[in-house]
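Below is one structure, written out as structure tokens, with a few remarks after it.
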Amino acid sequence: MKQLVDQVLLKNRVTGEFEVAELCHGIDETNLSHIEGRWRPMFELRRAQAKASGESMSDINAEDGHWNWGSKVLAAISDPFLYDIFALECGGNTQALLLTCKGSTDCFSRHPEHPKADMVYVEFLATAPWNRPRLVAEPIYKGAGRVLIGTAVSLSLGEEFGGRIGLHSLLGSEKFYRDAIGMTDLGVDVDGPHKGLRYFELPESQVTDFLTIQH
């Protein structure tokens, strides 16, 4: 069931104004229709343009354009004690989506400050294509990704994990997690299911700083 959990502000880069966005736990058919009917066509158009110009998906910030959110919703519904899914809505559109996990083998910290401590793992995070620098010439909303990282931190706090979160980043998002969010870069996985992806954590010691900047 989809439930409103918070209202936050997103900055509209076009107007310069802040707009109220709704953060929901769970997603519904409207969100999925936005992904299929609005997100996917933009991703496919830019993918075709990139191929013609010799750019990679990382170059245009669209490495996740193929993700099947319908299957991710089914996973979240099938095991609600393990997964949480969130949608951020503003201006009549789905602006970002988040899927987290709080009980898999990925949910143990690798950070030297608290090795093997429980944490929330960010399985998937995606912002709408029209919000992405490099994907479009004039991105619309700023702050959607940060809001959803904050959502994962809040979930971790609620689970008494100290706000600790971890994730594997696509190449084009590494700078965002390292520089904009301030997560600790723990290197590239050399084997396993996330082979080739760089791993980041927000340790407990950095949670207060992140939340201070967030607000």
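No experiment lies behind these values; they were computed from the predicted model shown.
M119 CE to L155 CG: the interatomic distance, rounded to the nearest 0.5 Å, is 12.5 Å. H111 NE2 to Y199 OH: the interatomic distance, rounded to the nearest 0.5 Å, is 9.5 Å. Separation of atoms CG (D185) and CZ (R178) is listed at 4.5 Å; rounding is to 0.5 Å. Note that CG of L125 is 8.5 Å distant from OG of S173, once rounded to the nearest 0.5 Å. A distance of 10.5 Å separates CZ of F86 from CD of Q3, quoted to the nearest 0.5 Å. For the atom pair CG of L97 and CD of Q95, the computed distance is 10.0 Å after rounding to the nearest 0.5 Å.
The 12-atom threshold is not exceeded at NZ of K142, counting heavy atoms of other residues, nucleotides or ligands nearer than 6.0 Å. The environment of CD in E160 is sparse: at most 12 heavy-atom neighbours from other residues, nucleotides or ligands sit within 6.0 Å.
Contact of the W69 side chain with the H34 side chain is not registered, since no non-hydrogen atoms from C-beta on lie closer than 4.5 Å. The shortest distance between side-chain heavy atoms of L157 and L211 falls below 4.5 Å. Within the 4.5 Å cutoff, the side chain of I149 has heavy atoms near those of the Y177 side chain. The shortest distance between side-chain heavy atoms of T100 and Y83 does not fall below 4.5 Å. Between R164 and E201 the shortest side-chain heavy-atom distance does not fall below 4.5 Å. For the pair D106 and C101, the minimum side-chain heavy-atom distance is 4.5 Å or more. Two residues are said to be in side-chain contact when any heavy atoms from C-beta on lie closer than 4.5 Å; D84 and H25 meet this criterion. Within the 4.5 Å cutoff, the side chain of Y121 has heavy atoms near those of the H168 side chain.
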Check step by step if side chain to side chain contact (heavy atoms under 4.5 Å, CB included) holds for N12 and F18.
CA-CA 6 Å; N12 187 317; F18 285 92; over 6 Å; no
Test side chain to side chain contact (heavy atoms under 4.5 Å, CB included) on H114 and F161; report intermediate values, then the result.
CA-CA 11 Å; H114 36 60; F161 296 164; over 6 Å; no
Start with the C-alpha gap between M183 and L167, add the side-chain angles, then the distance that decides, and say whether side chain to side chain contact (heavy atoms under 4.5 Å, CB included) holds.
CA-CA 10 Å; M183 299 180 78; L167 58 86; 3.9 Å; yes
What's the verdict on side chain to side chain contact (heavy atoms under 4.5 Å, CB included) for R46 and N61, showing C-alpha distance, side-chain angles and the deciding distance?
CA-CA 10 Å; R46 287 294 284 124; N61 198 9; over 6 Å; no
One pair to check against side chain to side chain donor-acceptor pair (under 3.5 Å): D209 and T212. What are the steps and the verdict?
CA-CA 5 Å; D209 286 345; T212 299; 5.3 Å; no
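Of the residues E55, K51, Q49, the one that meets the side-chain hydrogen bond (donor to acceptor under 3.5 Å, both in side chains) test with S53 is E55.
The cationic atom of K72 (NZ for Lys, CZ for Arg) lies less than 6.0 Å from the six-membered ring centre of F124 and within 45° of the ring axis.
When hydrophobic clusters are built by joining Ile, Leu, Val, Met, Phe, Trp and Tyr residues whose side-chain heavy atoms come closer than 4.5 Å, directly or via intermediates, F176 is not grouped with L186. Note: the hydrophobic cluster containing I165 also contains L82 (ILVMFWY, side chain heavy atoms under 4.5 Å, direct or indirect links). No single ILVMFWY cluster, assembled from side-chain heavy atoms under 4.5 Å apart, contains both L88 and L4. Both L99 and L197 belong to a single network of hydrophobic side chains, linked directly or stepwise wherever heavy atoms of I, L, V, M, F, W or Y lie under 4.5 Å apart. With hydrophobic clusters built from ILVMFWY side chains whose heavy atoms lie under 4.5 angstrom apart, F200 does not share a cluster with V188.
For the residue pair A75 and S78, the shortest heavy atom distance occurs at O-OG, 2.8 Å. When all heavy atoms of A126 and W67 are compared, the closest pair comes out as CB-CZ3, 4.1 Å. Considering every non-hydrogen atom in both A62 and L135, the closest pair reads CB-CD1, 3.7 Å. Of all heavy-atom pairs spanning R47 and H66, the tightest one is NH2-N, 3.9 Å. The heavy-atom pair separating K102 from P80 by the smallest distance is NZ-O, 4.1 Å. Here the closest heavy-atom approach between residue V20 and residue C90 is recorded as O-SG, 3.5 Å.
Checked by atom type and distance alone, the side chain of E63 pairs as donor or acceptor with a backbone atom of G172 at under 3.5 Å. Proximity of a side-chain donor or acceptor of R146 to a complementary backbone N or O of A180 within less than 3.5 Å is detected. When atom types are taken as modelled, the side chain of H194 and the backbone of D189 share no donor-acceptor pair closer than 3.5 angstrom. In terms of modelled atom types and a separation under 3.5 Å, the side chain of Q206 and the main chain of G182 share a donor-acceptor contact. Side chain of R13 to backbone of E138: no donor-acceptor contact under 3.5 angstrom is found.
A perpendicular orientation is assigned to the rings of W130 and W39, their planes being inclined by more than 60° (bins at 30° and 60°).
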